[in-house]
2 protein chains.
Amino acid sequence: MEYEPLDNIGVLIHTVDLEITSYVNSQLAAFQLTSEQNLIMALLWKHEGISQNEIATKLKKDKAGVTRMIFTLEKKGYIRRETCPNDKRSVKVYLTEDGRKLGNDVIPNNKSIIQLISKGMTKEEILELRRLLMKVRENVGRS
Amino acid sequence: MEYEPLDNIGVLIHTVDLEITSYVNSQLAAFQLTSEQNLIMALLWKHEGISQNEIATKLKKDKAGVTRMIFTLEKKGYIRRETCPNDKRSVKVYLTEDGRKLGNDVIPNNKSIIQLISKGMTKEEILELRRLLMKVRENVGRS
DNA sequence: AAAAATTAGTTGATACATCAACTATGAGAC
DNA sequence: GTCTCATAGTTGATGTATCAACTAATTTTT
């Protein structure tokens, strides 16, 4: 009855996650963006003016973390925060000119990153990978 | 030519990783261990007296992080550090009595965690999941 | 309208991943 | 033996994830 605490699907998923992040970060370094900041920017390139709360919901991230990432992006000069006049609790996030221009280079870059991750896999394999990952997700039942 | 920066295999793997970690942490909370601390303990339950460097290598973790995790485990009273007399640069890590006893409860717990993660999947599906994850790994080429 | 509950966001704390700079020790070349 | 290089570990910094406690504003209840 051997058991392999260091070599199981959970650990493998964690390792692959870190390696993907490392790769993505290396591809984004030139734009002064990290993988997670890039997700926020990607949202804003599609729907500018959404609130921090919407960002947190869509990215399934903790609102505390979103507050801090937004702060970092603001420091970098890519976004602008504005209190919503209709609901003063809410903060709407807008792109700056720099932030908007950044998309021209980063969006094509993102497309090629996404393609590379599943390079050499058939549509069926990608679907199967998704299905099996969803099965694991269901098993640990965090939703 | 749509592109889905927020819904691709990379993001899914990241999400599943976080959910697995969250589940594992919930199962380990009673033992005052986190998922990563548990990996170090699991190593020590098998090979007591290995060095921090061996721990870092086997867990593929940065040595800086290992230093800090070892420090935390020492504070918790589960391990003991001892400078190697043959190589004074090296620190050997030993279990305390508490740390050794902890294994009696945690090891069975770990086995059931590992089983649960791939519950309801056939051997072939688990192998296919591994294979596809290794393919992604190869694609991002961080090794 | 006043009280109670909910919501948006902030701040603080802890943990992990990663990189860079550093110290101390050891090993190999000569 | 000394000089050079490599190795083990530490410390500091930044970024992300998560939880808890908190403020301020809004919505619901009564």
**Asked** Heavy atoms under 4.0 Å, any strand shown: does B/K88 hit a base, just sugar-phosphate, or nothing?
**Response** sugar-phosphate
**Request:** Would you mind classifying the nucleic acid contact of B/A56 as base, sugar-phosphate or nothing, using non-hydrogen atoms under 4.0 angstrom?
**Result:** nothing
What is the distance from [atom1] of [X] to [atom2] of [N], rounded to the nearest Å?
X     : N      : atom1 : atom2 : answer
B/D87 : C/dT23 : CG    : C1'   : 14 Å
A/D17 : D/dA17 : CG    : P     : 9 Å
B/L28 : C/dT14 : CG    : P     : 20 Å
B/M69 : D/dT10 : CE    : C1'   : 14 Å
B/K92 : D/dT7  : NZ    : P     : 17 Å
B/N53 : C/dA24 : CG    : C1'   : 15 Å
B/N86 : C/dG26 : CG    : P     : 9 Å
A/N38 : D/dG15 : CG    : P     : 15 Å

Which one, [options], comes nearest to the side chain of [X]?
X     : options                : result
B/S90 : D/dT18, D/dA8, C/dA17  : D/dA8
A/R89 : D/dG9, D/dA25, C/dG9   : D/dA25
B/Q52 : D/dA17, C/dT10, D/dG9  : D/dG9
A/R68 : D/dA17, D/dT10, C/dA17 : D/dA17
A/D62 : C/dT10, D/dT11, D/dC19 : D/dC19
A/Q37 : C/dT6, D/dT7, D/dT16   : D/dT16

**Request:** Can you see which heavy atom on B/L102 is nearest to which on B/W45, and at what distance?
**Result:** C-CZ2, 3.9 Å
**Contact summary for B/D7 and A/R130, nearest pair of heavy atoms** = OD1-NH2, 2.6 Å
State whether [X] places a side-chain N or O below 4.0 Å from either non-bridging phosphate oxygen (OP1 or OP2) of [N].
X     : N      : result
A/K63 : C/dT10 : no
A/T34 : D/dT16 : yes
A/K61 : D/dT16 : no
A/H14 : C/dC16 : no
B/T67 : D/dT10 : yes

**Test: B/E48 and B/R100 ion pair at under 4.0 Å** = yes
**Asked** Where each residue is assigned the nucleotide of DNA chain D containing its nearest heavy atom, which of B/E54 and A/P85 is assigned the position nearer the 5′ end?
**Response** B/E54
**Prompt:** For A/K75 and A/C84, take the nucleotide of DNA chain D holding the closest heavy atom to each; which residue's nucleotide lies nearer the 5' end?
**Reply:** A/K75
**Request:** Map A/S51 and A/L18 onto DNA chain C by nearest heavy atom, then report which one ends up closer to the 5' terminus.
**Result:** A/S51
**First of A/V91 and A/S22 reached from the 5' end of DNA chain C, by closest nucleotide** = A/V91
**Message:** Could you see if A/Y94 belongs to whatever hydrophobic cluster contains A/Y78? Use Ile, Leu, Val, Met, Phe, Trp, Tyr and a side-chain cutoff under 4.5 Å.
**Reply:** no
**Side-chain H-bond candidate by donor/acceptor type, B/Q37 with B/K76, under 3.5 Å** = yes
**Asked** Quick one: does A/R137's side chain get under 4.5 Å of B/I20's, heavy atoms only?
**Response** no
